[in-house]
**Student:** 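Dumping the structure here so I can ask a few things about it.
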Amino acid sequence: MSQEEIREYVLKTGNLTKSYGKHKAVNAVNMHVRKGDIYGFIGRNGAGKSTFMKMVAGLAAPTEGEIELFGSRDVEKQRVRVGTLIETPGLYQGMTAADNLEVYRRAYGITNRNIVRDVLELTGLEDTDRKKVGKFSMGMKQRLGIAIALLRSPDLLILDEPINGLDPMGIHEIREFLTVLNREKNVTMIISSHILGELSKIATAYGIIRDGELVEEFDAQELAVRCRRCQKLVVDNVERAVNVLEEELLIKEYDVLEKSVIRIFEHLEDTAKINQSLLAAGIEIKESYLAGQDLEGYFMELIGNDRSADVVKNSSTLINVKERYDVS
């Protein structure tokens, strides 16, 4: 069993649904977040991201379905291990960062008085002294919102658009901070963001939600493969085509997508030669073209049009050629 397979789930949901009248804002979502992941939660405005996060955090009641936190269905007990920043943090503008944190410490019933100092240091706000929050930059306010979410030393941190509205420097600061928090403090995170390029710099796994439905989950390695530049071939006989690639053209970097599609990741300057060799072997080529795109383009294809459901379905079934055809 691989290390990935034995990592425990911090969050699992089973057919989690939230309905408002006849409208299902979240529809039968089955999410899987493993310990140590930074889980990028991606979807358009109104897709159901915030509603889903609120249900996990206990801020909205599910209509149907189940939530499992840290291997337990006693979610009320386990939610003390969850920190959340959903939508705009509730900050007292006329108070300092330390005073804001003190208010929340008392509200949460946390007896450790040193925790305020600790989270100020952790979020880089220890030098704000008597500066009122109303004078803070957007980035500082976001860090303070995250600091509030960290007061209970959570094992799972849920952040809804934590870099929304920030300038490039603020985005960089938050990104670096979250990376350190994940790696050094082993905090698992679920982060939603519209800034997909930035999210892709730290996320280790992804979930795509569209119209309330989680259409797919995959990890960062799989995403890199899907976006990688390649020659895509649709042929009538995959097994024979594989033999030509392996034995005649000495091509090793490829995979098979479903039954008739081959993706070749090397010798992209020799696409004509590859096509000629396949045709000479009596293999019919139905399609041959160069494919691949940047991360934002790929995400937008998944969430942005009516064809994306088919794209997701087709792109998720990767077949290991060596296992299927016993070639080496």
Side-chain angles (χ1 to χ4, degrees), residues 8-13 16 18 31 33 35-39 41 49-62 65-134 136 139-162 174 177-178 180-182 184-192:
E8 64 185 88
Y9 288 114
V10 167
L11 170 67
K12 289 173 64 177
T13 65
L16 194 63
K18 180 64 175 178
M31 180 180 280
V33 180
K35 183 177 181 179
D37 269 339
I38 298 179
Y39 187 104
F41 194 27
K49 301 188 302 298
S50 295
T51 302
F52 175 86
M53 290 176 159
K54 287 177 181 178
M55 286 192 287
V56 174
L59 302 176
E66 297 177 339
I67 300 171
E68 185 177 297
L69 286 169
F70 308 102
S72 171
R73 292 187 179 176
D74 186 356
V75 292
E76 290 303 319
K77 181 178 180 180
Q78 297 301 323
R79 280 188 177 122
V80 298
R81 301 172 63 185
V82 181
T84 60
L85 175 59
I86 299 176
E87 298 177 342
T88 305
L91 303 177
Y92 297 94
Q93 303 295 315
M95 297 169 62
T96 66
D99 289 340
N100 268 270
L101 289 167
E102 181 64 20
V103 168
Y104 278 95
R105 181 190 71 81
R106 295 181 182 184
Y108 291 157
I110 299 170
T111 57
N112 178 11
R113 293 176 179 269
N114 293 327
I115 193 66
V116 170
R117 179 198 63 207
D118 293 344
V119 298
L120 283 172
E121 292 177 357
L122 188 61
T123 54
L125 295 172
E126 69 273 21
D127 295 328
T128 54
D129 298 321
R130 303 309 301 172
K131 185 175 183 178
K132 300 295 191 291
V133 169
F136 279 16
M140 291 173 67
K141 288 180 179 179
Q142 286 296 90
R143 275 191 280 164
L144 180 54
I146 296 172
I148 293 169
L150 292 173
L151 277 172
R152 292 191 286 193
S153 301
D155 296 305
L156 172 63
L157 189 59
I158 299 175
L159 304 175
D160 188 14
E161 300 285 352
I174 295 295
F177 164 66
L178 293 177
V180 170
L181 192 62
N182 173 255
E184 296 184 6
K185 301 296 183 179
N186 199 31
V187 177
T188 304
M189 302 179 192
I190 302 173
I191 304 174
S192 73

**Student:** Mind checking the CG-CG spacing from L144 to N100? Nearest 0.5 Å is all I need.
**Tutor:** 5.5 Å

**Student:** Apply side chain to side chain donor-acceptor pair (under 3.5 Å) to T123 and list each qualifying residue two or more places apart in sequence or on a separate chain.
**Tutor:** none

**Student:** Could you tell me which residues satisfy side-chain contact (heavy atoms from CB on, under 4.5 Å) with N182, sequence neighbours excluded, listed by chain and number?
**Tutor:** I38, M189

**Student:** Looking at every non-hydrogen atom in both residues, tell me the closest pair between V187 and P154 and how far apart they are.
**Tutor:** CG2-O, 3.8 Å

**Student:** Mind checking whether F41 and L159 have side chains closer than 4.5 Å, heavy atoms only?
**Tutor:** no

**Student:** In a check of side chain to side chain contact (heavy atoms under 4.5 Å, CB included) between I67 and each of Q78, R79, M31, which one passes?
**Tutor:** R79

**Student:** Assess whether a salt bridge exists between R130 and D99, defined as any Lys/Arg side-chain N lying under 4.0 Å from an Asp/Glu carboxylate O.
**Tutor:** yes

**Student:** Any non-hydrogen side-chain atom of L150 less than 4.5 Å from a side-chain atom of L181?
**Tutor:** yes

**Student:** Enter the distance from I148:CD1 to R143:CZ here, rounded to the nearest 0.5 Å.
**Tutor:** 14.0 Å

**Student:** State the CD1-OH distance between I158 and Y39, to the nearest 0.5 angstrom.
**Tutor:** 12.0 Å

**Student:** Are more than 12 heavy atoms, taken from residues, nucleotides or ligands other than R73, located less than 6.0 Å from that residue's CZ atom?
**Tutor:** no

**Student:** Side chains of F136 and T128, heavy atoms from C-beta outward: is any pair under 4.5 Å?
**Tutor:** yes

**Student:** Write down the atom of L11, the atom of T13, and the distance for their closest heavy-atom approach.
**Tutor:** CD1-CG2, 4.0 Å

**Student:** In sequence, state the C-alpha distance, the side-chain angles, and the governing distance for Y9 and D37, and then conclude on side chain to side chain contact (heavy atoms under 4.5 Å, CB included).
**Tutor:** CA-CA 10 Å; Y9 288 114; D37 269 339; over 6 Å; no

**Student:** Indicate yes or no: at least one non-hydrogen side-chain atom of L157 is less than 4.5 angstrom from one of T188.
**Tutor:** no

**Student:** What's the spacing between K131 NZ and T96 OG1 if we round to 0.5 Å?
**Tutor:** 12.5 Å

**Student:** Are the side chains of E161 and Q142 in contact, using a 4.5 Å heavy-atom criterion?
**Tutor:** no

**Student:** Extract all donor-acceptor atom pairs below 3.5 Å that involve side chains of residues 102-112 and protein atoms in other chains or at least two apart in sequence.
**Tutor:**
residue, atom, partner, partner atom, Å
E102, OE1, R105, NE, 3.1
E102, OE2, R105, NE, 3.2
E102, OE2, R105, NH2, 2.6
E102, OE2, R106, NE, 3.0
Y104, OH, G90, O, 2.5
R105, NH1, I110, O, 2.6
N112, OD1, N114, N, 3.0

**Student:** Provide the closest heavy-atom pair for G139 versus I174 in the form atom of the first, atom of the second, distance.
**Tutor:** O-CD1, 4.2 Å

**Student:** With the side chain counted from C-beta on, respond yes when K35 and D155 share a heavy-atom pair under 4.5 Å apart, and no when they do not.
**Tutor:** no

**Student:** Please name the pair of heavy atoms, one in A98 and one in L120, separated by the smallest distance, quoted to 0.1 Å.
**Tutor:** CB-CD1, 3.9 Å

**Student:** Is the backbone of G71 close enough, under 3.5 Å, to the side chain of K12 for a donor and an acceptor to pair up by distance?
**Tutor:** no

**Student:** Side chains of L122 and K185, heavy atoms from C-beta outward: is any pair under 4.5 Å?
**Tutor:** yes

**Student:** Could you state the interatomic distance from CD1 (I146) to CG (L85), rounded to the nearest 0.5 Å?
**Tutor:** 6.0 Å

**Student:** Taking all heavy atoms of I191 and all of M53, pick out the closest pair and write down the distance.
**Tutor:** C-CE, 4.3 Å

**Student:** How close do I115 and S153 get, heavy atom to heavy atom, and via which atoms?
**Tutor:** CD1-OG, 4.0 Å

**Student:** Quick one: does M95's side chain get under 4.5 Å of V133's, heavy atoms only?
**Tutor:** no

